[in-house]
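Each remark here refers to the structure printed beneath this line.
So you know, we letter chains A, B, ... as the sequences are listed, proteins then strands, and number each from 1.
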There are 2 protein chains.
Amino acid sequence: MKSNQITIKDIARELDISPSTVSRALKDHPDISPKTKKQVRELAEKLNYQPNSIALSLRSSKSNTIGVVIPQVVHFFFSTIISGIEDIAYAAGYSVMVAQSNESYDREVMDTKALFNNRVDGILVSMSRETTDYAHLEFLHNRGIPMVFYDRVCDSIDCSKVVVDDFDGGYRATKHLIEQGYKRIAHLAGPHSLHMFRQRLDGYKKALQEHGLPIDESLILPENASDDENVAKELTERLLNLDERPDAIFANNDIAALGAMITIKEHGLKVPSDIGIVGFSNWRFTALTEPTITTVAQPGFEMGQEAARLLIEAIEAKDDEVITSVTKVLKTELVVRGSSVK
Amino acid sequence: MKSNQITIKDIARELDISPSTVSRALKDHPDISPKTKKQVRELAEKLNYQPNSIALSLRSSKSNTIGVVIPQVVHFFFSTIISGIEDIAYAAGYSVMVAQSNESYDREVMDTKALFNNRVDGILVSMSRETTDYAHLEFLHNRGIPMVFYDRVCDSIDCSKVVVDDFDGGYRATKHLIEQGYKRIAHLAGPHSLHMFRQRLDGYKKALQEHGLPIDESLILPENASDDENVAKELTERLLNLDERPDAIFANNDIAALGAMITIKEHGLKVPSDIGIVGFSNWRFTALTEPTITTVAQPGFEMGQEAARLLIEAIEAKDDEVITSVTKVLKTELVVRGSSVK
DNA sequence: AACGTCGCCGCAAACGTTTGCATTGAATGA
DNA sequence: TCATTCAATGCAAACGTTTGCGGCGACGTT
C-alpha cells in the first residue's frame with residue numbers, strides 16, 4: 001500500500017501539458033483557455049488531487065500553521081483556551097501545533113525551538129511557572145516570528161498580549177462579599193511569583209479600602225495554596241483559630257475554596273451563614289458542591305480566540321504595515337452561587 | 001525586522017564551499033575533512049543555524065508530525081490523552097497537530113482532510129459522537145496513511161486501536177460494592193448508543209450474576225445521565241422512591257455519581273452507610289467531596305502514550321515489514337474512597 | 001612514466017509548487 | 001505580404017536540503 005500522492009506533474013503528464021499550465025488552470029488564471037481548465041479540473045477531481053502543502057510552504061515560506069506553547073493541557077482553563085485558539089485558527093485556514101511545557105523551563109525552551117524549526121508562521125505562548133529567563137522567546141522575537149502571549153505574559157517583550165483582568169476579578173469577588181454583609185474577609189493568596197495572583201490580591205485590597213474596611217495582614221495568607229487542597233485546609237485551620245476569626249474567605253482558586261469549605265464544615269460552622277466563600281476559575285465542580293461555590297469565571301475560550309485573532313492579524317500584516325502591540329484585558333465574570341449569599 | 005532564516009547556503013557562501021559540503025559536514029559524513037567540519041560546525045553554531053524542516057519534509061516526504069483528531073479538548077479525559085500523546089511524540093521527535101471535531105461529523109471530515117493536506121506522517125483518531133459514515137477515514141487508510149484509533153474506535157477499519165476495558169471497569173466497581181456488603185445495587189447508565197456505556201453496564205451485570213445477585217431491571221436506569229447532574233438527580237429521586245430502594249449506586253460517570261450523592265443526602269440518608277456510591281472516570285473533584293467518591297480511573301495518559309507508540313511504530317516500519325494491527329485494551333483502576341466503604 | 005588509489009569536495013538532480021519571461025501560432029491590420 | 005498583437009502555453013528558476021556520481025590533486029606502486 002504505497003503512499004501515492006497525486007501531484008501536479010501527474011496531471012500534466014496525463015494531459016500532455018506542462019505543470020505550469022496545470023498550476024495555472026487550477027488557480028483559474030486568465031491566461032489558460034477554458035477548455036484546458038476544464039480538462040485539468042476534471043482530472044484533478046477524478047484523481048482526488050490534493051496540493052502538497054509542504055511544497056507550498058517551502059515555496060512561499062509560509063506554513064499556515066501556528067504554534068501553541070501551553071503549560072498544561074489537562075488544566076480546564078488551558079484546554080478551554082486551546083479550544084478557543086483552534087476555533088479561530090481553523091476558520092482562518094491555519095493548523096494548530098501544540099507543545100506542552102509541563103511547567104518546565106527546559107521543556108519550554110525545547111518546545112519553542114521545535115516549533116521554530118517547524119517554521120510555524122507565528123506562536124502563542126503562555127509561560128511555564130519556572131520561566132524567568134526569556135532568551136528563548138527573545139530569540140524568536142528577534143527573528144521576527146509573530147508572537148502573542150496569553151495569560152502568563154512576559155512584560156519585557158514587546159508584542160501583543162491577552163490577559164484576564166485578575167485585579168478586577170479579585171475586586172469584584174471581594175466587593176460581592178462585602179455587599180453580602182461580610183466584614184472580616186480573609187484571602188487565601190497564590191504564590192506571589194505569579195503576576196496574576198498578586199493582581200487578585202490587589203483587587204481584594206482595593207475593594208476593602210473602597211468600602212472602608214481595614215486591611216488586616218493576619219487575614220492574608222500568602223502561601224502557595226494554589227493547587228493543593230491540603231494546604232488550603234491547613235491555612236483555613238489557622239484562620240479559624242484566630243482570636244477574631246474571619247466571616248468570609250476569598251480564595252485565589254476553586255480548589256482552595258473547596259478545601260476551606262470542607263474545613264469550615266468540619267469545625268461545625270455553616271457556609272454561607274457563618275462564613276462566606278468565593279473561589280476563582282469556575283471549575284465545574286463548584287456548581288456541584290453543597291452549597292454551590294460562588295466563583296470568578298475566567299473567559300478561557302474568548303482568551304484563546306482573541307490571542308489567535310491577534311496572532312493571525314500580525315502574521316498576515318503586509319511588511320510595510322506597522323503592527324502595534326496591544327494588550328487585551330478580558331473581564332472576568334462573577335458567578336454568584338450558594339456559598340456567599342446569606 | 002525581516003525573517004532572516006539562516007540556511008546551509010549562507011554558511012556555504014561565507015566559507016566559500018558548496019552547500020553539499022556543508023550538509024555533509026553537519027552530518028559528520030566521513031568524506032569531509034576534520035578541518036572543514038570544524039569550520040562549518042563553528043559557523044553554524046555562531047549563526048544559530050536551524051535546519052529548515054519544511055525543506056527536509058519535502059525532500060524526504062516525511063513531516064515528523066502526527067495529527068490528532070479529538071472530539072473535545074476541554075474534557076479532562078481527552079486532554080489527558082493529548083498529554084500522553086504529546087509525551088511520546090516529542091520524545092520520538094514528532095510534533096503534534098491537534099484538530100478538534102467538537103463532536104461534529106462535518107468538522108471531523110474537514111479535520112482529517114486538513115491533516116492529510118498537511119502531510120502528517122500518521123493520524124490518531126477518536127471519532128465524534130455523530131460519526132456513522134467512515135468514508136473519510138477509509139480514504140486516509142486506503143491512501144496508506146498510518147492510523148490508530150483511540151477510545152472511540154471504528155470497527156470496520158483494519159488498524160491498531162487502543163481502548164479502555166470498560167467492561168472490566170464496570171465489573172470491578174460493582175464487585176467492590178458487593179464485597180462491601182451492598183445487596184441492591186442500582187446502575188445509572190449512559191446512552192446505549194456508545195459502546196463504552198454498554199460495556200460498563202455489561203460488567204455490572206456480570207458482577208451481579210457472578211455473586212448470585214439478581215439483575216433487577218428496575219434498578220437499571222438507562223437514560224442519558226452522561227453529563228448532566230440534574231438528570232442524575234432526577235433518576236436518583238426515582239430510585240429512592242422505589243418500594244424497595246437500592247442500597248448502592250454505580251454511576252456511569254462521576255458527575256452522575258455526585259448528583260446521586262447530593263440527592264441522597266437531601267433525603268436525609270447517609271453515604272456510605274445507607275447507600276454506597278461508585279462513579280467512573282476519577283475526576284479531580286471526586287477526591288474533594290464529602291465523603292470522597294470511589295471511582296474507576298481511566299488511564300487517559302497511558303492511552304495517549306500507547307496510541308502514539310503504536311502509530312510511530314507503524315510510521316517507522318520499513319516498507320517490507322508487515323504491520324499487524326493490534327488492539328490494546330487498557331485496564332481501569334478502582335480508586336476506593338469514602339463513598340463506598342461502610 | 002604510467003597507472004591505481006584515496007581523500008576531499010562540487011555538480012546537479014530531486015522533492016512539488018509557483019511565476020516571470022520566452023515562445024509559439026494564429027489572427028489582425030496596413 | 002509582412003509586421004503587430006494577442007491568446008495560450010512552456011521553460012526554467014526558485015524555496016532548502018540531500019545524495020549519487022564524478023572530478024581532481026596527491027600519493028604510492030609497478
Test log, rule side-chain contact (heavy atoms from CB on, under 4.5 Å), inputs A:Val164 and A:Met196: CA-CA 8 Å; A:Val164 166; A:Met196 49 194 251; over 6 Å; no

Minimum-distance nucleotide (side-chain atoms of B:Arg24 versus C:dT17, D:dT17, D:dG20):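 Of the options given, the side chain of B:Arg24 lies nearest D:dG20.
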
Nearest-nucleotide pick for B:Tyr49, side chain only, options being D:dG10, D:dT17, C:dT17: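 The listed nucleotide nearest to B:Tyr49's side chain is D:dT17.
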
First of B:Ser18 and A:Asn52 reached from the 5' end of DNA chain C, by closest nucleotide: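 Of the two residues, B:Ser18 wins.
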
Nearest-nucleotide comparison on DNA chain C, the residue closer to the 5′ end among B:Arg59 and B:Ser20: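 The 5'-side residue here is B:Ser20.
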
Residue among A:Glu306, A:Glu302, A:Glu313 satisfying salt bridge (Lys or Arg N to Asp or Glu O under 4.0 Å) with A:Lys328: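 Checked A:Glu306, A:Glu302, A:Glu313 against A:Lys328; only one passes salt bridge (Lys or Arg N to Asp or Glu O under 4.0 Å): A:Glu306.
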
When only distance counts, do a donor and an acceptor, one from the side chain of [X] and one from the base of [N], lie under 3.5 Å apart?
X: B:Arg119; N: C:dG16; result: no
X: B:Arg13; N: D:dG16; result: no
X: B:Asp31; N: C:dC9; result: yes

Measure [atom1]/[X] against [atom2]/[N] and give the value in whole Å, please.
X: A:Ile8; N: C:dG16; atom1: CD1; atom2: P; answer: 11 Å
X: A:His29; N: D:dG10; atom1: NE2; atom2: P; answer: 14 Å
X: B:Lys62; N: D:dT18; atom1: NZ; atom2: P; answer: 15 Å
X: A:Leu56; N: C:dT19; atom1: CG; atom2: P; answer: 10 Å
X: A:Leu15; N: D:dA8; atom1: CG; atom2: P; answer: 16 Å
X: B:Asp28; N: C:dC9; atom1: CG; atom2: P; answer: 13 Å
X: B:Ile54; N: C:dA14; atom1: CD1; atom2: P; answer: 23 Å
X: A:Leu58; N: C:dG16; atom1: CG; atom2: C1'; answer: 9 Å

Sugar-phosphate, base or nothing in reach of A:Ile17, heavy atoms under 4.0 Å: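 A:Ile17: backbone/sugar contact only, no base atoms under 4.0 Å.
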
Sugar-phosphate, base or nothing in reach of A:Thr36, heavy atoms under 4.0 Å: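 Here A:Thr36 touches the backbone only, sparing every base.
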
For B:Ile66, the option from B:Ile88, B:Ile85, B:Ile123 that meets side-chain contact (heavy atoms from CB on, under 4.5 Å):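 Output: one option passes, namely B:Ile85.
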
OP1 or OP2 of [N] under 4.0 Å from side-chain N/O of [X]:
X: B:Lys9; N: D:dT17; result: no
X: B:Ser33; N: C:dC9; result: yes
X: B:Ser23; N: D:dG16; result: no

Between A:Tyr105 and A:His136, ring centroids under 6.0 Å: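 When the ring centroids of A:Tyr105 and A:His136 are compared, they turn out to be within the sub-6.0 Å range.
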
Side-chain donor-acceptor pair present, A:Asp158, A:Ser325, cut-off under 3.5 Å: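 Yes, a side-chain donor-acceptor pair sits under 3.5 Å.
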
